[in-house]
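Remarks on the structure that follows.
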Amino acid sequence: MKKRIVIALGGNALGNTLKEQMEAVKKTSRAIADLVEAGHEVVVTHGNGPQVGMIQEAMDAFSAGSPMHPRIPLTVCVAMSQAYIGYDLQNALREELVNRGINKSVSTIITQVIVDKDDPSFKHPTKPIGNILTQEEVEYALLNNKPIINDSGRGFRRVVPSPKPLAIVELDSIKSLINAGKIVIACGGGGIPVVMEGEHLRGVPSVIDKDYASCVLAKNISADSLIILTAVEMAALYYGTPQQINLSTITTEEARQYIGQGHFGSGSMLPKVSAAIDFAESGENKETLITLLEKAKDGIDGKTGTRIVKGGKPDGAL
Ligand code: ADP
Ligand code: MG
C-alpha cells in the first residue's frame, strides 16, 4: 500500500565532516530510494547538530579575525546548514534514483519554523551542537560561563536553546511539491527558528530539534508514517547500563510513563519519543518508528526498531 512517509535523518546519517557527509549521504540515499522504489511518497527531514556547530565556529573565527564583519547569527548558521546538507543529500538521492531509472526531481526547501518568543527553553538550553569537546575546551567553557552539556554519556558539547516548533512558514510550497510527486527535503536542522512580529519574521538564536519539527510537518501533510533514523536500533530503558531493556512496540501511555521515569536523554532520545507520541496520537493508524538508518528496511517490515502506538498501558507493562 502506498504511504506518505516523513523520514527524519539523524546526525549519523550525515557524518561529521565534509568528506564523511559525502559518503554517508550515499548510504542514506539508498535507504530512501528503496522506499521511493516501493511506491511510497517520501519527504526527508534532517538534523544539523554537528554541522551547525561547525558552521558557527567557522563563522565566529571569521568575524573574530575581521572586525568589519559582526558575529553571524545562529539562525543564519542554521540556514547555511540546510543548504549545505540539502545540497549533498539532494544530489546523492537524485543520482541514486537516476541509476534505478526513477525520474523524480529532488529539491531542498529553505524552511523557517515559527516558535514562541517566550518558549521556556530560551532560559534552559537543552540542545547539544558541534563536536564533542576536548578536556581543554571543557575547561575553557566552564571558566567563561559558556553553556555545555554532557550528551548522553558521549562527552561534553556546547548547548543552545531549543524551542518547540509551532508552524512551518513554507508549508504550502512543500505541499505543492509533494502533491506534484516530487521529493522534498525540508525542515533541515528543525527549521530556522523565527518569531512573528507583524509581517516580519525575526530569527531567534536557537536550534529546533528536528524530531519535533518532523512531527509538525508529518501532521500538516497528513503523513501515514514518521520514521526517525538515528544512531541506535531501539529506544531503551536503563540505556547504557547492564540493565538496558530495548523497547520494541510500546503504547503512547507506556512511553509517557517511561519519560516520567527519566529514561530518555533530554536533548537526544526524549525528542524522538515525544515526537512519536504526538504523531501516533494525531489520528488513527499513524505509524511511528525509531531505528538505525541501516535497519530502515527491516524496521519498516516490522523486524526491528521501536514503534510507539496510540493506546493505554497494557497489563503487565513494566
Ligand atoms: P540524532 O542525531 O539521530 O537526532 P541523537 O544523538 O539526538 O541522534 O539521539 C540519539 C541518541 O540518544 C543515541 O545515540 C543515544 O546515545 C541517546 N539516548 C539517550 N537516551 C536513550 C535511550 N533511552 N535509548 C536509546 N538511546 C538513547
Ligand atoms: Mg537529535
Side-chain angles (χ1 to χ4, degrees), residues 6-16 20-21 24-25 27-28 31-32 44-54 78 81 85 89 121 125-132 149-165 187-191 206-215 226-250 254-277 288-296 299 304-308 318:
V6 172
I7 300 194
L9 302 172
N12 78 311
L14 300 167
N16 281 313
E20 272 179 35
Q21 180 169 302
V25 291
K27 199 170 67 178
T28 305
I32 299 171
V44 182
T45 65
H46 61 81
N48 72 348
Q51 296 82 359
V52 76
M54 176 187 79
V78 175
S81 76
I85 296 167
L89 203 50
S121 84
T126 53
K127 171 86 187 157
I129 63 164
N131 51 347
I132 305 277
I149 193 175
N150 188 335
D151 186 7
S152 304
R154 290 175 287 191
F156 282 91
R157 294 172 77 190
R158 281 184 287 145
V159 66
V160 294
S162 191
K164 290 281 183 318
C187 295
S206 50
V207 177
I208 300 170
D209 206 292
K210 63 99 177 49
D211 302 315
Y212 292 127
S214 306
C215 175
L226 172 63
I227 297 178
I228 300 178
L229 300 178
T230 185
V232 287
E233 192 166 335
M234 295 169 124
L237 305 180
Y238 311 104
Y239 176 72
T241 71
Q243 291 76 42
Q244 177 166 335
I245 302 169
N246 289 337
L247 299 165
S248 49
T249 300
I250 55 169
E254 280 176 273
R256 277 204 184 85
Q257 183 190 335
Y258 300 147
I259 288 177
Q261 293 165 352
H263 282 288
F264 308 118
S266 69
S268 54
M269 188 48 74
L270 178 63
K272 297 181 202 312
V273 174
S274 304
I277 294 175
T288 68
L289 174 69
I290 300 169
T291 196
L292 259 184
L293 173 75
E294 291 78 2
K295 301 277 176 167
T304 187
T306 299
R307 291 188 136 68
I308 299 182
L318 288 167

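Note that the structure is a prediction, hence the values are computed from the model and not measured. Numbers for residues simply follow the sequence, beginning at 1. We count ligands from 1, going down the list as the structure has it; atoms in each ligand are counted the same way.
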Practice problem: Return a yes/no value for Y239: is any of its N or O atoms, backbone included, closer than 3.5 angstrom to an N or O of ligand 1? | Solution: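 Yes - when backbone and side-chain N and O of Y239 are compared with those of ligand 1, one distance drops under 3.5 Å.
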
Quiz item: Would you say ligand 1 has an N or O under 3.5 Å from any N or O of G265?
Solution: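 N/O-N/O distance below 3.5 Å exists for this pair.
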
Self-check item: Nearest neighbour of atom 5 (P) of ligand 1 from the list G153, P271, S268, on a heavy-atom basis
Solution: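 Shortest heavy-atom distance from atom 5 (P) of ligand 1: S268.
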
Quiz prompt | Heavy-atom nearest neighbour of atom 8 (O) of ligand 1 within options N48, D211, T230 | solution =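 Ranked by closest heavy atom to atom 8 (O) of ligand 1, first place is T230.
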
Working to the nearest 0.5 Å, report the span between [atom1] of [X] and [atom2] of [Y].
X	Y	atom1	atom2	answer
E233	T306	CD	OG1	9.0 Å
T230	L292	OG1	CG	8.0 Å
N131	M54	CG	CE	10.0 Å

For [X], counting its heavy atoms only, list the atoms of ligand 1 lying under 4.0 Å from any of them.
X	answer
G10	1 (P), 2 (O), 3 (O)
M234	25 (C)
H263	23 (N)
A236	22 (C), 23 (N), 24 (N), 25 (C)

Quiz item: Under 4.0 angstrom from ligand 1, any heavy atom of R154?
Solution: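 Judged by the 4.0 Å heavy-atom criterion, R154 does count as contacting ligand 1.
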
